[in-house]
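Below is one structure; the comments refer to it alone.
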Amino acid sequence: MATRGINLSPSPVALAFSQIQWDPLGSLRLTAQETALLRMAESNPIEYTLADSRDASMYARVLLKLLAEAAAAGAGMGQVSKITEECEEQKALDALDADPLGVVTHYAITKLYNIITTLMEGNGVTVNSVFYVGKEGVLVDQWKALLRILNKGGKGDAFAQSGAALCLALVLTTACPSQRTAQSKSGSGKVRPTSYASAVEPMEALTAWIVSQLKSSSGSTIGLAIPAMTALMGATEARHLFAASGGIKYLSRQLRSGGKKQASSKTSSDKKPKTPASVQQLYELTFCLWTMTYELEGSANIRADFAKDGLAVAALTELVSIAPREKVVRVAIAALRNLATCTSEVDPGPAGTQNVNGAVFLNDMIACGLMKAIDYLKERQFTDPDVVDDVNTLHKLLVNNYKELTRWEVYQNEIESGHLQWGSVHTEAFFKENARMMEGSDGDFKLVKVLIALLSSKDEDVSAIACYDIGEFVRHYPNGRAIAKRLGAKELVMPLIEHDNPEVQRHALQCVSKIMVQNWEYVK
């Protein structure tokens, strides 16, 4: 997968780069030859500097040395790290005077990115020949300068961290066997030996950093990792490392959180317009999750990660429902189609474990209310014929699967998914007919226990519906009051009576009343 569309935003102090004076910066410990090379690179087109493999290698290593020496001297914590908007020339020059090592760090990352992207366009010299050395093609040890920038954490420089991560991702993915095979098939000349083994540890470290950013609740922090994550998604090996690090779970969680923010912004009373950046971030995160779905067929572990807690399906369904932009809908629908059509034939997984395939994901989609969203999308006019095809395919699969499910199975799937929505299975009539089913095949009242756990959900609709369902179970199941009390329902419902949301308050109060009062229908 090429790097098209994975761009490094310009440094906010880029206008100061041409005024960097190397001689006074003794802390960088540059030799006369290295200083001369930097000046020569500035005075010539980058293609000229990279035309010779030795010059290109030396230039890249000098830039990595700049990063290492600047970091050792304290770069990344000064004035430049606090500048997030592009500066006018005078402000950039003031930053150079105040924090020269910070500007040097931005300069080195920008030039490294230019080297890598130019080499990837294919002009003879390759990324592999510059960053991998010796007969075995081992990754140069200087890559650690990029990792040090990432390890500064939240106190670091946003541009430097995002740029270092992206440069590292682009260099590492070129060593992946899947990428090497693609290069040889494309006929891009003789493929130089490259040691994937030497790239595994750095790739694990980079993946761990990306996942740590996804765990954050800050949109700006997550934004730092998106370019590098997108670059890694271009290689099968990197996708498997991402999944093994728990990436699917945290990526899905971020998508769901971002989707909810978009939905609330659409319905808020102040009618503020959605910011393009937030929609773009949603698209990029969805794109990465869609890319991960191409590993479903060959990996039982990845199918299991996608199926865990139904989080991925719920996130994608919510995105389709709020439909922030056609491009977001397009990749979300494509991901859902891949989930709905995946099989377990290539890698069924260990014996005795659940066989996760498209049928499992279709049940989750029905439980999350995707059918309603798909019905709406069928009426929409899309410019992309692929979206139309995906919508029609999903509609057919969902309808066929829904016909095979009883109303009880639809309810059971919804409760087990944890993503509750008001509908025909949350009514008095449903519980009159199905209350006895709540005891379960083993008599352990598993679904009641799940509902009690969902009382603590951060999603207010889920909490309200759980209150309602528990109350209806109490009314219609023999001795339901005693069972609900024994399982701890009353203790968790009581605090919800004082909830900020009036709907949660109302359903919590009714639920407590049903638990406490023998003939609740006479006092409702």
Problem set entry | All pairs passing ring-ring contact (aromatic ring centres under 6.0 Å, His included) where residues 373-410 contributes a residue, at least two apart |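 Those involving residues 373-410 are Trp408-Tyr411.
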
Mind checking what makes side-chain hydrogen bond (donor to acceptor under 3.5 Å, both in side chains) contact with [X], not counting sequence neighbours?
X	result
Thr286	none
Thr236	Arg239
Thr383	Glu326

Side-chain heavy atoms of [X] within contact of [Y], under 4.5 Å:
X	Y	value
Phe306	Leu289	yes
Ile366	Asn413	no
Pro227	Asn7	no
Asp157	Ile149	no
Leu316	Val320	no
Asp461	Gln421	no
Leu139	Ser195	no
Gln505	Leu509	no

Problem set entry | Lys378 NZ: over 12 foreign heavy atoms closer than 6.0 Å |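 Correct, the count exceeds 12.
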
For this session: Verify the neighbour count for atom NZ of Lys327: are there more than 12 heavy atoms of other residues, nucleotides or ligands below 6.0 Å?
Result: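 Buried by this count: over 12 neighbours within 6.0 Å.
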
Minimum heavy-atom separation for [X] to [Y], with atom names?
X	Y	result
Gly234	Gln179	O-OE1, 3.0 Å
Cys467	Ala508	SG-CA, 3.8 Å
Ile470	Cys511	CG2-SG, 3.9 Å
Glu409	Thr406	OE1-N, 2.9 Å
Arg303	Leu296	NH1-O, 2.8 Å
Cys342	Glu297	CA-OE2, 3.2 Å

Exercise. Could you walk me through whether Leu224 and Trp209 pass the side-chain contact (heavy atoms from CB on, under 4.5 Å) check?
Worked result: CA-CA 10 Å; Leu224 298 181; Trp209 178 79; 4.3 Å; yes

For this session: Give the intermediate values and the outcome of side-chain contact (heavy atoms from CB on, under 4.5 Å) for residues Ile483 and Phe445.
Result: CA-CA 9 Å; Ile483 293 166; Phe445 295 93; 3.5 Å; yes

Are any side-chain N or O atoms of [X] and backbone N or O atoms of [Y], one a donor and one an acceptor, separated by less than 3.5 Å?
X	Y	result
Ser245	Gly247	no
Ser457	Ser463	no
Arg330	Asp386	no
Thr393	Asp390	no
Lys490	Met516	no
Ser162	Phe159	no
Gln213	Gly223	no
Thr427	Ser424	yes

Exercise. Cut-off 3.5 Å, side chains only: do His419 and Glu318 have a donor facing an acceptor?
Worked result: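 On atom types as modelled, these side chains do not qualify, holding no pair under 3.5 Å.
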
Exercise. Who pairs with Asp309 by salt bridge (Lys or Arg N to Asp or Glu O under 4.0 Å), at least two apart in sequence or on another chain?
Worked result: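 For Asp309, no residue satisfies salt bridge (Lys or Arg N to Asp or Glu O under 4.0 Å) once neighbours in sequence are set aside.
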
Rounded to the nearest 0.5 Å, how far does [atom2] of [Y] lie from [atom1] of [X]?
X	Y	atom1	atom2	result
Asn479	Arg486	CG	CZ	9.0 Å
Leu214	Leu251	CG	CG	6.0 Å
Leu496	Met494	CG	CE	10.5 Å
Ile109	Leu168	CD1	CG	11.0 Å
Ile333	Asp389	CD1	CG	11.5 Å
Ile210	Met233	CD1	CE	7.5 Å

Problem set entry | Lys514 to Tyr468 six-membered ring, cation-pi geometry met (6.0 Å, 45°) |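 Yes, Lys514 and Tyr468 form such a contact.
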
For this session: Mind telling me whether Tyr283 and Phe287 have parallel, tilted or perpendicular rings, with 30° and 60° as the class edges?
Result: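 Phe287 vs Tyr283 ring planes: tilted.
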
For this session: Starting from the C-alpha separation in whole Å, work towards a yes-or-no answer on side-chain contact (heavy atoms from CB on, under 4.5 Å) for Leu447 and Glu416.
Result: CA-CA 7 Å; Leu447 287 189; Glu416 289 177 347; 3.9 Å; yes

Throw together a table of side-chain donor-acceptor distances under 3.5 angstrom for residues 429-440, partners on residues two or more places apart or in other chains.
unit_1	atom_1	unit_2	atom_2	d
Asn434	ND2	Phe430	O	3.0
Glu439	OE1	Tyr477	OH	2.5

For this session: Just do the side-chain contact (heavy atoms from CB on, under 4.5 Å) check on Phe361 and Leu336 with the steps written out, would you?
Result: CA-CA 8 Å; Phe361 294 117; Leu336 286 166; over 6 Å; no

